[in-house]
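Quick notes on the structure that follows.
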Amino acid sequence: YGTVAIGEDNQMYTASQKKVSDSYYDNLVNTIKLVNKESEKISAKFIFLSIPRKDAYMIKDLPSNYNSSKEVYEKQVRIARDNLGKDIIFIDAYEVFKNNNQYYCYYSNDHHITPRCAYSLYNEINNYTQVSSYDLEKEFEIGQTIINGSYNRQVGQKVKHKAEDLYLIPKTNISYKRYEDEKLSNEKVFGKGNTYEDAYMEGDNAFTRVVTNNNSKNIMFVGSSYTNILEALSVPSYKEVLSIDYRHNKTGRSIKYYVDKYNIDYVVFVPAQSNNSYSLDKIKLHLGIINN
């Protein structure tokens, strides 16, 4: 249906990824070298978090005539692993989900990551930051609702879905102050509603800073909306949680600027987009080296 495909169990996917040329992979090598160059400028440890498209992971529900992006993703990952600097930590969400025996890691009608699978990524990040992870079920009640996902919106809500895990309700008070563009904000970290945007960080923002009373480390996420749930999950565990979305951040300030100003210990870089896990333009954009 245009840019949307409907598979088994009413699982919805974006359109099949177009054929990838050899020149794309050559350019990906050069783009990964740009990641190395930017990571070498900063004092924080750099974590590259690779997230596959939904159709590369949840393949058993794909329509029979749909070409999964799994092979493309696997080649992208090989190139990233082979060319990233030795000091960069590489996390493959595909492997994390598989190792945790998790399949339903994406909402039925949306491209974002579900709470329990996002928690697995949060926990994997903490393995490298030496920050203790809380127990998800003890820290939060997981609320279910029928989700108003981006794929279903594109086809006029034609597909009926069942309630799914969406939002997190803290069981104890989580004390924090939130800043947007360096100004105190009343926006919530954890919300409700029936969309991913409602549930986490109230959607995408140019520059977010959440300050807690934790005696822990400072972490910064860089990327698009895939980071939102990871930011929210990290708030109870870190002293400060920052995020930059260079689609909206037009200040011209580099990752290094934020690392230096806010004494960041770890940068988690997430290049994934709904239509391409390794978009060359979006990688460069989220490195802060080109304008959108």
Side-chain angles (χ1 to χ4, degrees), residues 1-15 51-64 66 68 93-94 96-124 133-174 187-204 224-236 270 272-275:
Y1 301 91
T3 59
V4 174
I6 303 172
E8 294 293 327
D9 198 28
N10 282 336
Q11 289 292 331
M12 303 181 75
Y13 300 85
T14 193
I51 298 177
R53 282 172 38 133
K54 180 181 177 180
D55 63 274
Y57 187 72
M58 290 181 60
I59 60 176
K60 73 179 184 181
D61 295 308
L62 287 172
S64 58
Y66 188 105
S68 167
Y94 188 104
V96 174
F97 299 155
K98 282 287 188 184
N99 291 340
N100 284 281
N101 296 313
Q102 295 170 305
Y103 176 73
Y104 292 101
C105 285
Y106 302 78
Y107 300 111
S108 61
N109 60 15
D110 195 85
H111 60 281
H112 291 107
I113 307 298
T114 54
R116 286 184 172 84
C117 291
Y119 174 82
S120 294
L121 298 181
Y122 150 87
N123 194 48
E124 184 71 13
S133 298
Y134 50 78
D135 183 294
L136 181 65
E137 309 286 345
K138 291 180 180 179
E139 187 75 23
F140 296 100
E141 176 186 341
I142 302 176
Q144 289 195 333
T145 190
I146 297 175
I147 295 165
N148 178 11
S150 62
Y151 296 151
N152 216 10
R153 292 197 295 269
Q154 292 175 52
V155 294
Q157 306 290 351
K158 72 174 292 166
V159 181
K160 302 298 182 183
H161 291 276
K162 300 176 183 178
E164 300 172 76
D165 293 348
L166 176 61
Y167 53 88
L168 300 175
I169 304 170
K171 293 184 177 180
T172 59
N173 180 56
I174 300 173
E187 291 184 77
K188 296 178 181 178
V189 170
F190 303 99
K192 291 187 180 179
N194 65 353
T195 69
Y196 175 82
E197 294 80 6
D198 291 335
Y200 302 105
M201 307 303 294
E202 296 197 26
D204 306 332
S224 302
S225 58
Y226 278 106
T227 71
N228 295 358
I229 191 170
L230 298 173
E231 297 164 42
L233 287 167
S234 298
V235 167
V270 186
Q273 309 295 311
S274 61
N275 62 345

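Since we're looking at a predicted model, the values are computed, not measured.
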Let's go through Arg53 and Gln273 carefully: what are the C-alpha distance in whole Å and the side-chain angles of both, what is the deciding distance for side-chain contact (heavy atoms from CB on, under 4.5 Å) to 0.1 Å, and is it a yes or a no?
CA-CA 8 Å; Arg53 282 172 38 133; Gln273 309 295 311; over 6 Å; no
Quick check for you: to the nearest 0.5 Å, what is the distance between His161 atom NE2 and Asn152 atom CG?
4.5 Å
Rounded distance [0.5 Å steps], CD in Glu8 versus OG in Ser64:
8.5 Å
Just do the side-chain contact (heavy atoms from CB on, under 4.5 Å) check on Leu136 and Ile142 with the steps written out, would you?
CA-CA 9 Å; Leu136 181 65; Ile142 302 176; 3.9 Å; yes
Tyr66 and Asp61: side chain donor to acceptor below 3.5 Å:
no
Distance check, rounded to the nearest 0.5 Å: Arg116 atom CZ versus Cys105 atom SG?
11.5 Å
Under 3.5 Å, side chain of Glu202 to main-chain N/O of Lys188, donor-acceptor pair present?
yes
Closest non-hydrogen atoms of Tyr107 and Gln11, given as atom of the first, atom of the second and distance, are O-OE1, 4.1 Å
Trace of the side-chain hydrogen bond (donor to acceptor under 3.5 Å, both in side chains) decision for Asn99 with Glu124:
CA-CA 11 Å; Asn99 291 340; Glu124 184 71 13; over 6 Å; no
Aromatic rings Tyr151 and His111: how do their planes relate, parallel, tilted or perpendicular, breaks at 30° and 60°?
tilted
In Å and rounded to the nearest 0.5 Å, what is the CD to OH distance from Glu231 to Tyr122?
14.5 Å
Are the side chain of Tyr196 and the backbone N or O of Ser225 linked by a donor-acceptor pair below 3.5 Å?
yes
Heavy-atom closest contact (Ile59 atom, Asp55 atom, distance):
CG2-O, 3.2 Å
Measuring from atom CD1 of Ile229 to atom CZ of Phe190, what distance do you get when rounded to the nearest 0.5 angstrom?
9.5 Å
State, to 0.1 Å, how close Gln102 and Ser120 come at their nearest heavy-atom pair, and which atoms those are.
OE1-OG, 2.8 Å
Side chain Asp165, main chain Gly143, donor-acceptor under 3.5 Å:
no
Answer yes or no: is there a donor N or O on one side and an acceptor on the other, between the side chain of Asn109 and the main chain of Ile147, under 3.5 Å?
yes
Assign the ring pair Tyr134 / Tyr119 to parallel, tilted or perpendicular, where the plane angle (0 to 90°) is split at 30° and 60°.
tilted
Closest heavy-atom contact between Gly2 and Ala15?
O-CB, 4.3 Å
Taking the side chain as C-beta and beyond, is there a heavy-atom pair between Val96 and Tyr94 under 4.5 Å?
no
Would you call Ile146 and Asn194 a side-chain contact if the rule is heavy atoms closer than 4.5 Å?
no
With rounding to the nearest 0.5 angstrom, report the CG to CG distance, Asn123 to Leu233.
10.5 Å
Checking Leu230 against Leu121 for the side-chain contact (heavy atoms from CB on, under 4.5 Å) test, could you report, in this order, the C-alpha distance in whole Å, the side-chain angles of both residues, the deciding distance, and whether it holds?
CA-CA 8 Å; Leu230 298 173; Leu121 298 181; 3.9 Å; yes
Would you sort out whether Val189 and Ile174 count as a side-chain contact (heavy atoms from CB on, under 4.5 Å), showing the intermediate values?
CA-CA 10 Å; Val189 170; Ile174 300 173; over 6 Å; no
Do you know which two heavy atoms are closest between Tyr200 and Pro115, and how far apart they sit?
OH-CG, 3.5 Å
Go through the steps to decide whether Ser150 and Asp110 satisfy the test side-chain hydrogen bond (donor to acceptor under 3.5 Å, both in side chains), and finish with yes or no.
CA-CA 5 Å; Ser150 62; Asp110 195 85; 3.1 Å; yes
A side-chain contact here means heavy atoms from C-beta on lying under 4.5 Å apart; do Thr227 and Asp204 qualify?
no
Is Lys171 positioned over the aromatic face of Phe140, cation under 6.0 angstrom from the ring centre and no more than 45 degrees off axis?
no
List the atom of Tyr226, the atom of Ser274, and the distance in Å for their closest heavy-atom pair.
OH-CA, 3.9 Å
Quiz item: cation-pi between Lys54 and Tyr106, 6.0 Å / 45°:
no
Side chains of Gln154 and Tyr1, heavy atoms from C-beta outward: is any pair under 4.5 Å?
no
Report yes or no: do Glu164 and Thr114 form a side-chain donor-acceptor pair below 3.5 Å?
no
Looking at the rings of Tyr57 and Phe97, which for Trp means the six-membered one, are their centres under 6.0 Å apart?
yes
Charged N-O contact under 4.0 Å between Lys192 and Asp198
no
